[in-house]
Amino acid sequence: MAVEKNYGNPELESRLKDTNYYTSDSNKDFSDRVRELSGTISHMCFQCGTCTGSCPSAPRSSYRIRKFMRRAVLGLEDEALTDPDLWLCTTCYSCSDRCPRDILPTDVIMAMRNLAFERDIVPRNFLKTVQLIYNTGHGVPNNDVNRAAREKLGLPRDPPTTHSYPEYIEGIQKIIDHYHLKENADRILAEGE
């Protein structure tokens with residue numbers, strides 16, 4: 001049976017119960033927001049590195065999800081949200097599938113991206129993708145080269161998506177409008193010109 005240690009010093013006991021890390025760069029609220037938005041136990045990461053070892057982007061880029069997990073635990077908001085590597089995650093969930101603590105690192109990255117978006121820290125190519133999805137229903141719309149290739153393969157010129165059913169674009173636009181994504185993408189892109 002475990003016995004709680006008692007040092008007989010109330011101040012020391014209080015400090016030992018405080019599990020937060022403090023530096024001038026640390027923002028405990030950031031850690032709490034990431035945990036809340038991601039819905040996962042990001043504060044339980046013990047930095048084993050399985051997430052980075054499982055990541056298909058890691059060998060081909062500078063992206064290291066382990067760094068972002070550490071930043072979430074330590075509350076290093078600016079360091080996490082201003083790092084362009086935040087946007088290199090492909091959300092394949094390999095890290096989440098293999099995490100020995102059942103943490104969902106991909107959801108931590110998504111939470112950080114949402115927080116970055118609140119501060120208008122979004123790569124321009126992502127914002128342009130929002131505009132393309134709004135207008136066509138696709139991040140990479142079909143073009144004449146692809147249509148010719150599809151015909152050569154015996155496929156219809158347009159895939160059975162919004163290209164074949166443009167009447168569904170209005171529904172996509174309603175979802176995007178609900179979250180003000182297009183409006184914010186347009187604003188941020190205009191401010192950067």
Side-chain angles (χ1 to χ4, degrees), residues 1-5 13-130 132-133 137-140 161 172 175-176 178-181 184-185 188:
M1 178 176 187
V3 177
E4 186 173 329
K5 289 185 178 178
E13 295 292 332
S14 175
R15 289 177 57 198
L16 291 173
K17 286 181 182 173
D18 186 356
T19 58
N20 295 311
Y21 175 80
Y22 298 97
T23 79
S24 59
D25 298 332
S26 183
N27 178 359
K28 183 183 177 316
D29 292 340
F30 175 68
S31 301
D32 293 342
R33 288 275 334 266
V34 167
R35 193 174 336 141
E36 174 190 324
L37 291 174
S38 67
T40 190
I41 51 175
S42 52
H43 63 291
M44 297 298 286
C45 174
F46 57 25
Q47 291 287 292
C48 69
T50 301
C51 52
T52 297
S54 304
C55 178
S57 293
R60 295 170 183 83
S61 70
S62 58
Y63 177 64
R64 302 291 180 268
I65 193 167
R66 181 180 175 188
K67 281 192 328 190
F68 287 98
M69 293 302 294
R70 188 71 176 155
R71 290 169 179 165
V73 171
L74 298 179
L76 300 176
E77 180 177 9
D78 288 337
E79 202 172 316
L81 302 187
T82 60
D83 188 335
D85 287 355
L86 177 64
W87 302 89
L88 295 178
C89 174
T90 62
T91 65
C92 71
Y93 279 87
S94 294
C95 55
S96 300
D97 290 342
R98 297 183 179 137
C99 177
R101 304 208 82 177
D102 293 330
I103 300 171
L104 303 172
T106 305
D107 291 352
V108 170
I109 293 298
M110 299 305 288
M112 287 182 179
R113 286 180 179 176
N114 286 331
L115 293 170
F117 192 81
E118 285 179 3
R119 291 176 48 183
D120 293 348
I121 305 170
V122 185
R124 296 180 69 77
N125 57 330
F126 276 71
L127 299 171
K128 290 179 180 176
T129 301
V130 168
L132 285 171
I133 292 171
H138 287 265
V140 182
T161 61
I172 291 169
I175 294 169
I176 292 173
H178 177 77
Y179 292 104
H180 306 284
L181 292 177
N184 284 320
I188 296 167

Would you mind writing out the side-chain donor-acceptor pairs for residues 73-82 within the sub-3.5 Å range, not counting sequence neighbours?
from: E77; atom 1: OE1; to: N27; atom 2: ND2; distance (Å): 2.7
from: E77; atom 1: OE2; to: R119; atom 2: NH1; distance (Å): 3.4
from: D78; atom 1: OD1; to: R119; atom 2: NH1; distance (Å): 3.0
from: D78; atom 1: OD1; to: R119; atom 2: NH2; distance (Å): 3.0
from: E79; atom 1: OE2; to: R71; atom 2: NE; distance (Å): 3.4
from: T82; atom 1: OG1; to: D78; atom 2: O; distance (Å): 2.5

From [atom1] ([X]) to [atom2] ([Y]), nearest 0.5 Å:
{"X": "R33", "Y": "L115", "atom1": "CZ", "atom2": "CG", "result": "5.0 Å"}
{"X": "I65", "Y": "C45", "atom1": "CD1", "atom2": "SG", "result": "9.5 Å"}
{"X": "K67", "Y": "C51", "atom1": "NZ", "atom2": "SG", "result": "12.0 Å"}
{"X": "S31", "Y": "E36", "atom1": "OG", "atom2": "CD", "result": "12.5 Å"}

Please output the side-chain donor-acceptor pairs of residues 87-103 that fall under 3.5 Å, not counting sequence neighbours, one pair per line with the distance.
from: Y93; atom 1: OH; to: D107; atom 2: OD1; distance (Å): 2.5
from: S96; atom 1: OG; to: T106; atom 2: OG1; distance (Å): 3.4
from: R101; atom 1: NH1; to: M44; atom 2: O; distance (Å): 2.8

Contact between V130 and Y179 at the side-chain level, heavy atoms closer than 4.5 Å - yes or no?
no
With the side chain counted from C-beta on, respond yes when F117 and L127 share a heavy-atom pair under 4.5 Å apart, and no when they do not.
yes
List the residues meeting salt bridge (charged side-chain N to carboxylate O under 4.0 Å, His left out) with R35, not counting sequence neighbours, and say none if there are none.
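If we apply the salt bridge (charged side-chain N to carboxylate O under 4.0 Å, His left out) test to R35, skipping adjacent residues, the hits are D32.
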Flag, side chain of [X] to backbone of [Y], donor-acceptor distance under 3.5 Å:
{"X": "R64", "Y": "A58", "result": "yes"}
{"X": "S38", "Y": "A111", "result": "no"}
{"X": "R66", "Y": "Q47", "result": "yes"}
{"X": "R113", "Y": "L86", "result": "yes"}

Heavy-atom closest pair, residues F68 and M112:
O-CE, 3.2 Å
Exercise: identify the closest heavy-atom pair between T129 and N125
OG1-O, 2.8 Å
